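In what follows, a single structure is set out as structure tokens and then discussed.
One is the number of the first residue; the rest follow in order along the sequence. Owing to the predicted nature of the structure, the values given are computational and were not obtained by experimental measurement.
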Amino acid sequence: MIKYDINKIRNSKNINFRPRLKMDIMKNIENMITTMKARVEREIPDTGYFRNFAENFENKDSKIFGKYIALSVEKDEMIDGEALLKISVLHPNLPVDASSLLVAGSRKKILDYMNKENFIDEVKTSILELSKSLRESNL
């Protein structure tokens, strides 16, 4: 798995992204986010163990260099009751993905982050940046 720091990529001088995607993929992103919000609310306890989970869809947009796009939640092994919300784009031909951490914290913190007004725009931007990173990697 390739991990990237989205903030470093966004602050790079030679990268200028404008999140413009086809309506098909926008519907898929919105559905993925809606499903993930419900799962976060239902499956992350205040304390104790929970299973990692993810929501994904197959990419059909030629602008995105990736086969699948996923939002995932993983348990933070160091802090009880904390989780990590990540976004990933799977390489179209290889078993390699580019992923980035969106937010870490409690269920409430993750839900607050996902309910922000510009969360969908952040997800779109992250997808495009991770896609570009995969395309430019020499794999």
Under a 4.5 Å side-chain heavy-atom rule over Ile, Leu, Val, Met, Phe, Trp and Tyr, are Leu71 and Tyr68 clustered together? no

Could you tell me the separation between the CD1 atom of Ile25 and the CG atom of Asp61, rounded to the nearest 0.5 Å? 5.0 Å

Residues Val103 and Tyr113: closest non-hydrogen pair is CG1-CD2, 3.7 Å

Please examine the side chains of Ser100 and Leu130, heavy atoms only from C-beta on, and report whether any two atoms are closer than 4.5 Å. yes

Smallest heavy-atom separation, Gly105 atom then Ile110 atom, equals O-CD1, 3.7 Å

Any side-chain heavy atom of Leu128 within less than 4.5 Å of one from Ile64? yes

Heavy atoms, side chains only, cut-off 4.5 Å: are Val89 and Phe65 in contact? no

Determine the minimum heavy-atom distance between Ala83 and Phe50, stating which atoms define it. CB-CZ, 3.7 Å

Rounded distance (nearest 0.5 Å) linking atom CD1 of Ile29 with atom CD1 of Ile33: 7.0 Å

Would you call Val40 and Met114 a side-chain contact if the rule is heavy atoms closer than 4.5 Å? yes

Taking all non-hydrogen atoms of both residues, which atom of Leu94 and which atom of Leu90 are closest, and how far apart? O-CD1, 4.2 Å

What's the separation between atom CD1 in Ile69 and atom OG in Ser131, rounded to the nearest 0.5 Å? 8.0 Å

Has Asn59 got a side-chain atom pairing as donor or acceptor with Lys67's backbone, closer than 3.5 angstrom? no

Would you say CZ of Arg51 has more than 12 non-hydrogen atoms from neighbouring residues, nucleotides or ligands within 6.0 angstrom? no

Between the main-chain N or O of Gly81 and the side-chain N or O of Asp46, is there a donor-acceptor pair closer than 3.5 Å? no

Measuring from atom CD of Glu55 to atom CZ of Arg39, what distance do you get when rounded to the nearest 0.5 angstrom? 5.0 Å

Mind checking whether Lys37 and Asn115 have side chains closer than 4.5 Å, heavy atoms only? yes

Residues, nucleotides or ligands: over 12 heavy atoms within 6.0 Å of Lys108 NZ: no

Of all heavy-atom pairs between Arg135 and Lys63, which one has the smallest distance, and what is that distance? NH2-O, 3.5 Å

Ser133 side chain to Glu129 backbone, donor-acceptor under 3.5 Å: yes

I'd like to know if the side chain of Arg107 and the backbone of Glu43 have a donor-acceptor N/O pair within less than 3.5 Å. no

Yes or no on salt bridge (Lys or Arg N to Asp or Glu O under 4.0 Å) for Asp112 and Lys109, after CA distance, side-chain angles and deciding distance? CA-CA 5 Å; Asp112 288 346; Lys109 184 174 180 181; over 6 Å; no

Once you round to the nearest 0.5 Å, how far does CD of Glu30 lie from NZ of Lys124? 8.5 Å

Nearest atoms (heavy-atom pairs only) where Ser126 meets Ile87: CB-CG2, 4.0 Å

Could you state the interatomic distance from CG (Asn31) to CE (Met26), rounded to the nearest 0.5 Å? 10.5 Å

